[in-house]
2 protein chains.
Amino acid sequence: MAAVNDHQDIKREKILEASYQRFLHYGYSKTTMNEIAGDLSMSKALLYYYFPDKSQLYIAVMRKIAGDYLTVLEENINAFTNLKDAFVFQINVHHDFIVKNYNFFDFFRLNEQNLPDTIWEIVGQVHSAELSLLSNAVKTEVSRGTIKPVDNPDELVDLLLDALHGIRVGAVSQKKTSFPRKEHLEEIHTKKLLLIDIFIKGLMY
Amino acid sequence: MAAVNDHQDIKREKILEASYQRFLHYGYSKTTMNEIAGDLSMSKALLYYYFPDKSQLYIAVMRKIAGDYLTVLEENINAFTNLKDAFVFQINVHHDFIVKNYNFFDFFRLNEQNLPDTIWEIVGQVHSAELSLLSNAVKTEVSRGTIKPVDNPDELVDLLLDALHGIRVGAVSQKKTSFPRKEHLEEIHTKKLLLIDIFIKGLMY
DNA sequence: CTTTTGATAATTTTGTTAAAAAAGTCAGGA
DNA sequence: TCCTGACTTTTTTAACAAAATTATCAAAAG
C-alpha cells in the first residue's frame, strides 16, 4: 500500500516537474497536455488519471513552487541578527522568485481579474506565511530593544510588503517595459534597500 | 485675429469637454466620433477640423485633466507648514483624481503595453511635476530643521511615490476586485497615512 | 485492483468571410 | 475660415466551418 502511494507520488512529482518546465518556458496557454505527456513519454490520458484537469495541474505546480519559496524563507529568516538583514533577505528571495518564474505567471496576467479561487487561496497562504515570518522578525527586533514597540506587527509588515511591491511595479511600468531588464534589477534593488533603510529608521527610537 | 483664435479655443474647449464626458462614462473604445459630434450638435467632420484623429483628441483631453490635477497640487502644496500635511494632501488629491477618472483610463488598461509615446510623455510630465513639487516640500522641511538633510530629494520622493502606488495596487489586487470599493478607499487611505508617518519618522533626526 | 492507453467525444481556439459600424477624407457651401 | 453631407477606408462584429485542444471512457496491461 505504502509502496503504491510512493510510486504514485513519484509519478505525480515527475508530472509536476515536466509541467513546470513547460509552463515556465511557454506559459499556460501555449503548453498543451499533449506536450507535457510527450515530454514524459506517457499518454495524455494518464495525466488526467493523476490530475482532474489542466488548471488543477497548473495550480498543483504553483502550490509546489510556492512551497519551495516559503521553505527557503523559513529556513533562513531567523538566522539574521537584525531586522534590516532579514528584510533584505526577504526582498532578494522574493525578487529572485518572481524573476525566475516570470513566464510561469502569465496565467495571472492572462486571466487578470477572474482567477480561480484556489489560486487566490495559495496567494493568500504565501502572503500570510510571509507576514508571519517577517512579523516575528519585527517582534524579535522589538525585544532586542532597537526599535520602538509596534502596535500591530502584521499590519506593519503588510504595509511594507505593499510598498515594496510598488517599487517593483513602478520601476517596471514607468519604463514601459513589461519585464525588468538586468539594468532595472539593480535599480529596483537599490530602491528597495533605500526604502527598507528609511522604513526601519522610522521604527527606531 | 485674436477674436478668431478665441473662438477656435472656445470651440476646442467645448469639444474637449464633451469628449471628456463620453470617455469618462463609456471609455475610449465605446465612444464614437459621431456621438461626440452629436452631443455638440456638430458634424463629425468638424471634429477632424479641430483634431487630427480620435487618439489625438483623447490625448488632448488627458493633457487637460492632467493639467487641472497639477494646478490643484501646485496651488495648495506650499500652503502646508509641515511635510506630512503636504504629503497627505498629495495623496488625497491623487487618489481622488484616479477614482474620479477611473473609466477614462480604460484606454490604458486596454492598450496595456503599447501606448502611444505622447501618452507616456504626459505621464512623464505629470510625474516630474509631482516630483518637483514634493521635492521642494522636502527641501523646505529640511531647511526648517525638522528632518535630516537629504542627499537626493528627487530620488527620495520618487521612492515614496512608488511605495504609495504599491499601497493602492496591493490593496486592490489582493481583494481580487478591479476597482476599489468604498470600504477599501478607507483602508487604502489609512495605510497610506501610516506609511507616510513611518517614512517621515525615518527622515527625522 | 491499479495503472495505462488508443479511440473518441466535447469544448475551445483559430481562420474565413461578409455585413455593419466606425474612422477618416474631401469637394464644395456659407 | 468654419462647416457639412456624402464618400472612402479601416476596423469591428457575427456567423460559421475547420483545426486544435481539452477531457472522457471502455478496455488492455501489469
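Note that the structure is predicted; figures quoted are calculated from it, not measured.
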Problem set entry | Intermediate values then yes/no, side chain to side chain donor-acceptor pair (under 3.5 Å), B/Tyr69 and B/Glu130 | CA-CA 10 Å; B/Tyr69 165 71; B/Glu130 283 176 314; 2.4 Å; yes

Restricting to side chain to side chain donor-acceptor pair (under 3.5 Å), what partner residues turn up for [X], sequence neighbours left out?
{"X": "B/Asp154", "value": "B/Ser135"}
{"X": "B/Asp85", "value": "B/Asn82"}
{"X": "B/Asn92", "value": "B/His189"}
{"X": "B/Asn34", "value": "none"}

In whole Å, I'd like the distance from the [atom1] atom of [X] to the [atom2] atom of [N].
{"X": "B/Tyr49", "N": "C/dA30", "atom1": "OH", "atom2": "P", "value": "18 Å"}
{"X": "A/Arg12", "N": "C/dT3", "atom1": "CZ", "atom2": "P", "value": "11 Å"}
{"X": "A/Lys44", "N": "D/dA20", "atom1": "NZ", "atom2": "P", "value": "13 Å"}

Show the atom names and distances, to 0.1 Å, of all donor-acceptor pairs under 3.5 Å that link a side chain in residues 12-23 of chain A to residues at least two apart or in another chain.
unit_1: A/Arg12; atom_1: NH1; unit_2: A/Tyr50; atom_2: O; d: 3.0
unit_1: A/Glu13; atom_1: OE1; unit_2: A/Lys64; atom_2: NZ; d: 3.4
unit_1: A/Glu17; atom_1: OE2; unit_2: A/Gln21; atom_2: NE2; d: 3.1
unit_1: A/Ser19; atom_1: OG; unit_2: A/Ile15; atom_2: O; d: 2.7
unit_1: A/Tyr20; atom_1: OH; unit_2: A/Asn101; atom_2: OD1; d: 2.4
unit_1: A/Gln21; atom_1: OE1; unit_2: A/His25; atom_2: NE2; d: 3.3
unit_1: A/Arg22; atom_1: NE; unit_2: A/Asp39; atom_2: OD2; d: 2.6
unit_1: A/Arg22; atom_1: NH2; unit_2: A/Asp39; atom_2: OD1; d: 2.9
unit_1: A/Arg22; atom_1: NH2; unit_2: A/Asp39; atom_2: OD2; d: 3.4

For this session: Hey, can you tell me if A/Tyr28 and A/Tyr58 have their rings parallel, tilted or perpendicular (30° and 60° cut-offs)?
Result: perpendicular

For this session: Take the angle between the ring planes of A/Phe108 and A/Phe105 and call it parallel below 30°, perpendicular above 60°, tilted in between.
Result: perpendicular

Problem set entry | Pairing residues for A/Thr190 by the side-chain contact (heavy atoms from CB on, under 4.5 Å) criterion, not counting sequence neighbours |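 In terms of side-chain contact (heavy atoms from CB on, under 4.5 Å), with neighbours along the sequence ignored, A/Thr190 is linked to A/Glu186.
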
Exercise. B/Asp96: what forms a side-chain contact (heavy atoms from CB on, under 4.5 Å) with it, not counting sequence neighbours?
Worked result: none

Exercise. Could you give the angle between the helix axes at the two ends of the helix from C/dC1-D/dG30 to C/dA30-D/dT1, with five pairs per end, rounded to 10 degrees?
Worked result: 40°

For this session: Can you sort out which residues in residues 51-60 of chain B have a heavy atom within less than 4.0 Å of DNA chain D? Ascending by number, please.
Result: none

Please enumerate all protein N or O atoms sitting under 3.5 Å from an N or O of nucleotides 25-30 of chain D, with distances to 0.1 Å.
none

Exercise. Is any side-chain N or O of B/Tyr48 closer than 4.0 Å to OP1 or OP2 of C/dT25?
Worked result: no

Exercise. Is there a side-chain polar atom (N or O) of B/Tyr50 under 4.0 Å from OP1 or OP2 of D/dC2?
Worked result: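 Negative; the distance criterion is not met.
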
Exercise. Would you call A/Arg168-B/Asp162 a salt bridge at under 4.0 Å N-O?
Worked result: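 No salt bridge links A/Arg168 with B/Asp162.
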
Problem set entry | DNA chain C contacts among residues 31-38 of chain A, heavy-atom distance under 4.0 Å |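 None - not one residue of the stretch has a heavy atom sitting under 4.0 Å from the strand.
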
For this session: Sequence neighbours left out, what pairs pass salt bridge (Lys or Arg N to Asp or Glu O under 4.0 Å) with at least one residue falling in residues 41-61 of chain B?
Result: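 Matches after skipping sequence neighbours: none remain.
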
Problem set entry | Crowding at NZ, A/Lys139 (>12 non-hydrogen neighbours, <6.0 Å) |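 Enclosed: over 12 neighbouring heavy atoms sit under 6.0 Å from NZ of A/Lys139.
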
